[in-house]
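All values reported here derive from a predicted model rather than from experimental measurement. Just the heavy atoms: all of them, side chains too, but no hydrogens, waters or symmetry mates, feed the values below.
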Amino acid sequence: MSNIVNELVQDYIRNTLKDKEGLLKELEDYAHENNVPIIHKEVSELLKVLLKMKKPKRILEVGCAIGYSSILFASTLGEDVEIITVERNEKMIEKAKENIKLAGFENNITILEGNAEEKLKEVQGEFDIIFLDAAKGQYQLFYDMVIDKLKVDGLLISDNILYQGMVAHDSFVIRRKKTIVKRMRSYLDYISNCDYLTTSLIPIADGVALSYKQSERGDLNA
């Protein structure tokens, strides 16, 4: 019964929210037709609210895919924002570049091409928002590489934290996904109990974690 209720609630929310228009709508259709993972509709609207409240000048994204979320960020914030995004899939990179050019944000969005574990080492400076949306079993690794690049008063956003519900309960876990689920649970436990973060786990779509960085690492215990 609870699964049915959750599905009905999710459908209600998605049907109530306004549909995208123009290029973003085209990208949603392309992603659906080609089984490309992009952020869910209700998550995209949450991100738009957060972006308008936070008004970030620099955003770091781990996981670009076809460029949908980067274009959403730039469309929401305008030409003053700088977005650095990382992607390793060559076909996705090619499509993302095409989409970013069509959107007119070539001067705002930079794609670092290659494995995140290597490319994140090249990233310089601090960011107002960091968005994790890449390999779910590597979130802790990515976190360790980027958290010092997040400004105090910055926001870390981790998408798909429930991993199709498997993180929430063992009964949903597929055998071959056990390692990913274990790692995600460990990551969520870490950011939820970290003394320099305030984290909220939000059960919309496939789950989103919002982590506010209230101090540098070690500051609270100094």
task = Starting from the C-alpha separation in whole Å, work towards a yes-or-no answer on salt bridge (Lys or Arg N to Asp or Glu O under 4.0 Å) for Glu82 and Arg58.
result = CA-CA 5 Å; Glu82 176 190 4; Arg58 297 191 83 213; 2.9 Å; yes
message = Can you confirm whether or not the ring centre of Phe172 sits under 6.0 Å from the ring centre of Tyr163?
response = no
message = Taking Tyr196's backbone N and O only, do any of them form a donor-acceptor pair with Ser215's side chain (distance below 3.5 Å, no angle check)?
response = no
message = Whether Lys151 and Asp128 form a salt bridge (side-chain N of Lys/Arg under 4.0 Å from carboxylate O of Asp/Glu) is what I want to check.
response = yes
task = Check each of Ile202, Leu201, Asp206 against Ile161 using the side-chain contact (heavy atoms from CB on, under 4.5 Å) test, and report the only one that passes.
result = Leu201
ask   = Side chains of Lys48 and Ser75: is there a donor and an acceptor less than 3.5 Å apart?
value = no
task = State, with a plain yes or no, whether a side-chain heavy atom of Leu197 is found less than 4.5 Å away from one of Gln214.
result = no
request  = Consider only side-chain heavy atoms of I, L, V, M, F, W and Y, link residues closer than 4.5 Å, and tell whether Phe127 and Leu77 are in one cluster.
outcome  = no
key: Steps toward side chain to side chain contact (heavy atoms under 4.5 Å, CB included) verdict (Glu61, Asp133)   = CA-CA 7 Å; Glu61 175 186 52; Asp133 191 23; 5.5 Å; no
Test: Lys95 cationic atom under 6.0 Å from Tyr30 six-membered ring centre, within 45° of axis = yes
request  = Identify whether Leu112 and Ile130 are in the same connected component of the hydrophobic contact network (ILVMFWY, side-chain heavy atoms under 4.5 Å).
outcome  = yes
key: Within 6.0 Å of CG in Asn107, more than 12 heavy atoms from elsewhere   = no
ask   = For Lys41, does its backbone N or O pair with a side-chain atom of Ser44 as donor and acceptor, under 3.5 Å?
value = yes
Shortest non-hydrogen contact between Pro37 and Ala65, atoms and distance = O-CB, 4.0 Å
message = Please determine whether residues Met184 and Met145 belong to a single hydrophobic cluster, defined as Ile, Leu, Val, Met, Phe, Trp and Tyr linked transitively by side-chain heavy-atom distances below 4.5 Å.
response = yes
Lys97 atom NZ, neighbour heavy-atom count above 12 within 6.0 Å = no
task = Please tell me if the side chains of Ile71 and Ile109 come closer than 4.5 Å, counting only heavy atoms from C-beta onward.
result = yes
inquiry  = What verdict does the side chain to side chain contact (heavy atoms under 4.5 Å, CB included) test give for Tyr143 and Cys194, after you've listed the backbone C-alpha separation in whole Å, the side-chain angles of each residue and the deciding distance to 0.1 Å?
reply    = CA-CA 12 Å; Tyr143 172 93; Cys194 183; 4.0 Å; yes
ask   = Is the closest side-chain donor-acceptor distance between Tyr68 and Glu28 under 3.5 Å?
value = yes
ask   = Should Ile129 and Phe73 count as side-chain neighbours, where that means a heavy-atom distance under 4.5 Å?
value = no
key: Gap between atom CD1 of Ile38 and atom NE2 of His40 - 0.5 Å precision   = 9.0 Å
query = Honestly curious: do Tyr190 and Val62 fall in one hydrophobic cluster under the side-chain, below-4.5 Å linking rule?
reply = yes
task = Indicate, with yes or no, if Leu141 and Val86 share a hydrophobic cluster defined by side-chain heavy-atom contacts under 4.5 Å among Ile, Leu, Val, Met, Phe, Trp and Tyr.
result = yes
key: Derivation of the side chain to side chain contact (heavy atoms under 4.5 Å, CB included) call for Leu132 and Asp159   = CA-CA 6 Å; Leu132 298 185; Asp159 199 18; over 6 Å; no
query = Is there side-chain contact between Val167 and Leu188, with at least one heavy-atom pair below 4.5 Å?
reply = yes
inquiry  = Treating Lys213 as the side-chain partner and Leu150 as the backbone partner, does any N or O pair qualify as donor plus acceptor under 3.5 Å?
reply    = yes
query = Does some side-chain heavy atom of Lys55 sit less than 4.5 Å from a side-chain heavy atom of Leu51?
reply = no
ask   = Can you name the nearest heavy-atom pair linking Ile191 to Ser211, along with the distance?
value = CD1-OG, 3.8 Å
request  = With rounding to the nearest 0.5 Å, note down the distance linking CD in Glu98 to CD1 in Ile66.
outcome  = 10.0 Å
message = Checking salt bridge (Lys or Arg N to Asp or Glu O under 4.0 Å) between Glu45 and each of Lys52, Lys18, Lys20, which is the one that passes?
response = Lys20
message = I'd like to check Ile157 versus Val208 (side-chain heavy atoms, cut-off strictly below 4.5 Å). Are they in contact?
response = yes
message = Contact between Glu126 and Lys149 at the side-chain level, heavy atoms closer than 4.5 Å - yes or no?
response = no
ask   = Roughly how far, to the nearest 0.5 Å, is the CZ atom of Arg217 from the CG atom of Asp148?
value = 4.0 Å
key: Check: Leu60 and Thr85 side chains under 4.5 Å, non-hydrogen atoms   = no
message = Is there a side chain to side chain contact (heavy atoms under 4.5 Å, CB included) between Ile147 and Phe142? Walk through the geometry before answering.
response = CA-CA 8 Å; Ile147 192 60; Phe142 299 149; over 6 Å; no
query = Quick one: CG on Leu27 to CG on Leu72, what's the gap to the nearest 0.5 Å?
reply = 10.5 Å
task = Kindly say whether Met92 contributes a backbone atom to a donor-acceptor pair with the side chain of Asn89 at under 3.5 angstrom?
result = yes
Heavy-atom closest contact (Ala103 atom, Leu23 atom, distance) = CB-CD2, 3.5 Å
key: Separation of Asn108 CG from Ile100 CD1 (nearest 0.5 Å)   = 10.0 Å
query = How about Tyr187 and Ser158: does a side-chain donor come under 3.5 Å of a side-chain acceptor?
reply = yes
request  = Calculate, to the nearest 0.5 Å, the distance between atoms NZ and CD1 belonging to Lys177 and Ile180 respectively.
outcome  = 5.0 Å
message = Just checking Arg185: does its CZ atom have more than 12 heavy atoms from other residues, nucleotides or ligands closer to it than 6.0 angstrom?
response = yes
query = Considering residues, nucleotides and ligands other than Glu117, do more than 12 of their heavy atoms fall under 6.0 Å from its CD?
reply = yes
